[in-house]
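I have placed the structure first, in the form of structure tokens, so that the comments after it can refer back to it.
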Amino acid sequence: MRKFLHALMWPLIASLWILLGAMEVLLPGLARQMSAGLWEVEHLAVPYSVAGVIALAALQVMILALGVLARKRLQGRVVVPADRLWARLALTCAVLATTLPVATIGHLLFVVSVGGPGFLLLAAADLAVGGAVCGMLWRLCARLRRSVQGHDALIIGVPTPKPATFE
């Protein structure tokens, strides 16, 4: 099963990257088309597109960082301090990818005063899913911190021998 996951991981990551890259390219044109003729939001197409492209790029970086950590897990390597940086990068990108759409929806609803309850539900769904992902990444960062400090036996895929104690 491990070999199957290892063989499947990078093609899956590459396909997600291609999909997100295509979304980054198509998003500005889609925003221009959807806002055409709506004077309330026509001037917001460019800033909202930039926020969307930044959020999608953050997702790409998060997927890459998690791919690096997953590769180490599948290869059975020992946790090193650099792994904490990959986990922090993934967490930072997840927070960015969660807060940018919520901030954009909040601006649209409460500053511009356009939109309905569907936008509020979309923001709630984004916060729920993004919050769950951020919570899991926060826990991963904490476990990596403890393992690097020697307080936990989190060795990626390899059991840790206990240090000898002399009494």
Side-chain angles (χ1 to χ4, degrees), residues 5-74 79-146 148 156:
L5 289 175
H6 190 65
L8 187 65
M9 183 179 66
W10 286 110
L12 180 64
I13 288 174
S15 63
L16 283 173
W17 260 67
I18 292 169
L19 178 66
L20 289 171
M23 290 172 66
E24 287 175 6
V25 170
L26 296 174
L27 186 65
L30 181 65
R32 259 193 320 273
Q33 281 182 338
M34 291 181 75
S35 67
L38 300 172
W39 63 269
E40 300 98 349
V41 294
E42 194 169 16
H43 64 285
L44 296 173
V46 173
Y48 285 3
S49 296
V50 170
V53 168
I54 291 172
L56 290 171
L59 283 175
Q60 283 182 314
V61 173
M62 181 189 75
I63 288 170
L64 176 69
L66 291 176
V68 168
L69 288 173
R71 183 187 72 207
K72 289 185 175 198
R73 166 83 170 106
L74 290 172
V79 173
V80 295
D83 295 339
R84 290 175 55 203
L85 297 176
W86 286 109
R88 284 182 186 169
L89 177 65
L91 177 62
T92 303
C93 290
V95 168
L96 184 65
T98 300
T99 56
L100 272 176
V102 171
T104 304
I105 292 170
H107 179 265
L108 186 67
L109 285 174
F110 302 115
V111 175
V112 181
S113 298
V114 176
F119 288 101
L120 202 54
L121 290 173
L122 182 64
D126 183 32
L127 282 174
V129 172
V133 169
C134 291
M136 288 187 286
L137 289 173
W138 185 273
R139 179 140 169 81
L140 175 67
C141 287
R143 289 187 69 194
L144 286 173
R145 186 187 71 243
R146 283 193 311 264
V148 169
I156 298 184

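Computed over heavy atoms, backbone and side chain alike; hydrogens, waters and symmetry mates excluded. Just so it is clear, the structure is predicted and the values come from calculations on it, not from any experiment.
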What are the two closest non-hydrogen atoms of [X] and [Y], and how far apart are they?
X	Y	answer
Gly21	Gln60	N-NE2, 3.5 Å
Leu109	Gly116	CD2-O, 3.8 Å
Phe110	Leu120	CZ-CD1, 4.5 Å
Ala87	Leu140	CB-CD2, 4.2 Å
Met62	Ala90	CG-O, 3.6 Å
Pro101	Ala97	CD-O, 3.1 Å

From [X] [atom1] over to [Y] [atom2], what is the distance, rounded to the nearest 0.5 angstrom?
X	Y	atom1	atom2	answer
Arg84	Leu69	CZ	CG	12.5 Å
Leu16	Leu64	CG	CG	12.0 Å
Leu91	Leu96	CG	CG	11.0 Å
Asp126	Leu121	CG	CG	12.5 Å
Leu122	Leu127	CG	CG	10.0 Å
Arg71	Trp10	CZ	CH2	6.0 Å

Taking side chain as C-beta onward, heavy atoms only, is Val133 less than 4.5 Å from Thr98?
->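 They are not in side-chain contact.
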State which residue, out of Leu108, Leu38, Leu44, fulfils the side chain to side chain contact (heavy atoms under 4.5 Å, CB included) condition with Val114.
->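 The option that passes is Leu108.
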For Met23, look at atom CE and say whether over 12 heavy atoms of other residues, nucleotides or ligands are found less than 6.0 Å away.
->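 No, because the 6.0 Å sphere around CE of Met23 holds 12 heavy atoms or fewer from other groups.
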Which residue pairs satisfy the side chain to side chain donor-acceptor pair (under 3.5 Å) criterion with at least one member in residues 18-36, sequence neighbours excluded?
->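 Qualifying pairs, neighbours excluded: none.
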